[in-house]
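Remarks on the structure that follows.
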Amino acid sequence: MKRWKAQVVTILLVLLTAFSMSVSAASPKLNKTKLTLNVGKSYTLKLNHAKSSVKWKSSDSVKAPISSKGKVIARKKGTVTLTAESGKKKYKCVLTIKQPVTKIKLDKTNFEMTEGKSATLKATVLPASANNKSLSWSSSNKKAVSVSSTGKVKAISEGTALIKACSKDGSRKIAYCRIVVKKKTPSVNSSDQSGQNGEKKASAAAQRFLNTLQAMSDQVRSDYKAGRKWYYARNQKVQKLTYSSEWKKAAAYVAAGNTGYLVCSGIVRWGLTEAGIMTAKQHLYAKAGGTFHFNDKLKNDPDFNKKFEVLTVNKTPNQLLKEGNLLPGDICGWERVMHTNVYAGDGKWYDAGRGVNTELINGEYRFLSFGPSAGWMNEKIVQIVRLK
């Protein structure tokens with residue numbers, strides 16, 4: 001037994017000696033001899049198995065300063081040699097510093113096209129010193145707008161699409177352009193545009209407004225299919241935090257992966273603004289009881305009476321249609337609910353209300369589109385805001 005123990009001890013001593021010799025024999029070695037960093041990034045080099053203190057040097061301390069502990073910071077694009085001195089030996093690492101893309105600018109961020117037309121988006125990639133300025137292009141709605149690898153867009157059919165230009169260098173910089181495609185002829189449904197004698201028609205401004213609402217609805221429908229989220233703002237706190245006064249900002253916000261919120265009067269505000277009928281700082285909505293509120297910016301607009309006619313009707317849509325006094329593009333305020341929507345014609349409405357054009361998910365109403373959808377024909381309209 002004693003003999004066996006002695007043998008085990010001897011073996012362990014041999015192994016320990018061999019390990020010690022191996023460790024002591026290990027040569028100093030840098031953990032990196034080649035390194036690539038983007039401007040603004042840092043890395044800590046290490047000289048493993050160093051037998052004495054290490055001094056660090058950079059061949060260009062402007063482009064890449066290095067600390068006494070081996071931490072290097074990439075400051076400027078270029079190539080720098082980093083040196084670790086230990087004893088009488090030097091160990092080198094070649095650092096390549098790349099300039100990533102910091103911003104992409106498009107010459108257009110929002111415009112309209114007619115079916116069949118083409119245009120080319122021009123992108124400026126910043127900074128000019130970026131190593132890789134290549135971009136990838138994509139369309140959120142390929143049925144409406146196609147885009148080539150060089151940014152050439154083609155209007156295919158009526159609808160709305162967000163064109164995305166994304167950097168290829170891994171910096172994940174993105175720029176968006178919203179394109180609305182219109183038909184060669186007005187897309188407004190002519191049904192119900194005139195009364196029984198055909199004497200009344202929707203104005204050109206109302207047609208422009210309706211085309212804009214349809215394009216917005218198409219975008220929301222496309223976003224829903226792509227998994228992007230639009231929800232009804234169920235309280236004022238949510239509304240104030242997330243409801244943008246401009247459609248293009250809200251659409252870009254949702255396209256970037258965020259959740260968009262709005263209330264029923266939101267599409268009216270967006271549609272009138274996008275159609276050039278009022279500014280983003282102007283607003284209107286139906287109060288409880290169905291009469292309209294106009295904010296000071298709109299109420300004091302010197303052109304208010306040239307743009308709008310306010311009618312107090314107190315009748316159902318069916319009654320108004322028989323009289324020839326409900327036209328596509330009419331903005332309606334309702335008696336029973338604090339609600340605003342827009343008559344689309346043919347007994348349908350553009351509507352972003354709670355429970356309308358939505359599905360209920362965990363107590364929240366998610367929009368499928370903004371219509372047009374049927375309903376409301378037997379409810380009472382108190383006031384109409386009509387575009388002249």
Side-chain angles (χ1 to χ4, degrees), residues 106-123 135-166 174-193 202 204-230 246-252 254-256 260 267 270-277 328-329 342-352 357 367-374:
L106 297 180
D107 62 331
K108 297 176 183 176
T109 58
N110 187 41
F111 69 103
E112 294 181 355
M113 298 178 71
T114 304
E115 287 177 332
K117 297 293 184 180
S118 297
T120 299
L121 290 171
K122 294 181 180 179
L135 300 175
S136 63
W137 296 85
S138 62
S139 170
S140 67
N141 185 358
K142 294 179 181 178
K143 292 182 179 179
V145 183
S146 65
V147 61
S148 73
S149 59
T150 58
K152 184 178 180 179
V153 293
K154 184 176 182 180
I156 298 172
S157 64
E158 185 184 20
T160 304
L162 279 175
I163 303 302
K164 180 171 74 171
C166 182
I174 298 172
Y176 293 99
C177 176
R178 176 176 171 271
I179 299 176
V180 177
V181 179
K182 293 188 175 183
K183 286 183 176 295
K184 294 179 182 178
T185 56
S187 62
V188 179
N189 190 331
S190 62
S191 175
D192 291 330
Q193 288 190 10
Q207 292 184 7
R208 210 164 62 243
F209 178 43
L210 288 168
N211 286 340
T212 303
L213 291 175
Q214 185 59 54
M216 288 162 50
S217 183
D218 289 343
Q219 181 61 54
V220 172
R221 186 178 287 109
S222 174
D223 285 341
Y224 178 82
K225 290 179 180 179
R228 293 183 283 272
K229 298 176 182 178
W230 293 88
E246 295 181 63
W247 161 252
K248 59 186 178 182
K249 290 183 179 179
V254 172
I267 61 168
W270 286 340
L272 291 173
T273 303
E274 287 293 302
I277 297 166
V342 180
Y343 187 59
D346 199 25
K348 295 181 180 179
W349 307 82
Y350 287 105
D351 203 322
N357 300 315
F367 288 106
L368 309 175
S369 72
F370 294 149
S373 56

- Query: Under the 3.5 angstrom rule, does the side chain of Glu115 hit a backbone N or O of Glu158 as a donor-acceptor pair?
  - Reply: yes

- Query: Just by distance, do the side chain of Ser369 and the backbone of Arg221 share a donor-acceptor pair under 3.5 Å?
  - Reply: no

- Query: What residues form a side-chain hydrogen bond (donor to acceptor under 3.5 Å, both in side chains) with Ser148, not counting sequence neighbours?
  - Reply: Thr150

- Task: Evaluate the criterion side-chain contact (heavy atoms from CB on, under 4.5 Å) for residue pair Ile156 and Lys143; output intermediate values, then yes/no.
- Result: CA-CA 6 Å; Ile156 298 172; Lys143 292 182 179 179; over 6 Å; no

- Nearest non-hydrogen partners of Asp218 and Gly159, listed with the distance: OD2-CA, 3.5 Å

- Check whether any side-chain heavy atom of Asn110 sits under 4.5 Å from a side-chain heavy atom of Trp247, and report yes or no. no

- Smallest heavy-atom separation, Ala344 atom then Pro372 atom, equals CB-CB, 3.8 Å

- Query: Is the Trp270 ring parallel, tilted or perpendicular to the Trp230 ring (thresholds 30°, 60°)?
  - Reply: perpendicular

- Return yes if some donor-acceptor pair links the side-chain N/O of Asn357 with the main-chain N/O of Ser373 below 3.5 Å, else return no. no

- Message: Could you tell me if Asn211 and Gln207 have a donor-acceptor pair between their side chains, going purely by distance under 3.5 Å?
- Response: no

- Query: Considering all heavy atoms of both residues, which atom of Lys152 and which atom of Ser118 are nearest to each other, and what is their separation?
  - Reply: CE-CB, 4.0 Å

- Task: Could you pull out the closest heavy-atom pair between Ala205 and Ile277, with the gap in Å?
- Result: O-CD1, 3.7 Å

- Query: Residues two or more places apart in sequence or in another chain: which of them pass side-chain contact (heavy atoms from CB on, under 4.5 Å) with Glu112?
  - Reply: Val180, Lys182

- Item | Closest contact, heavy atoms only, Phe367 versus Tyr224 | O-CD1, 3.7 Å

- Query: For Tyr350 and Gln214, which heavy atoms make the closest approach, and how far apart are they?
  - Reply: OH-OE1, 2.6 Å

- Would you please test Leu272 and Phe209 for side-chain contact (heavy atoms from CB on, under 4.5 Å) and show each step? CA-CA 6 Å; Leu272 291 173; Phe209 178 43; 3.8 Å; yes

- Query: Who passes side-chain contact (heavy atoms from CB on, under 4.5 Å) against Thr212, sequence neighbours left out?
  - Reply: Met216, Glu274, Ala275

- Do Val254 and Lys229 have side chains that get closer than 4.5 Å, going by heavy atoms? no

- Carboxylate-amine/guanidinium contact Arg228 Asp223, below 4.0 Å: yes

- Message: In the structure I gave you, are the side-chain heavy atoms of Val342 and Ile267 within less than 4.5 Å of one another anywhere?
- Response: no

- Task: Kindly determine whether Ile163 and Tyr176 satisfy side-chain contact (heavy atoms from CB on, under 4.5 Å), including the steps that lead there.
- Result: CA-CA 6 Å; Ile163 303 302; Tyr176 293 99; over 6 Å; no

- Expected output: side-chain Ser139 to main-chain Val147 donor-acceptor under 3.5 Å: no

- Item | Check: Ser222 side chain, Ser140 main-chain N or O, donor-acceptor pair, under 3.5 Å | yes

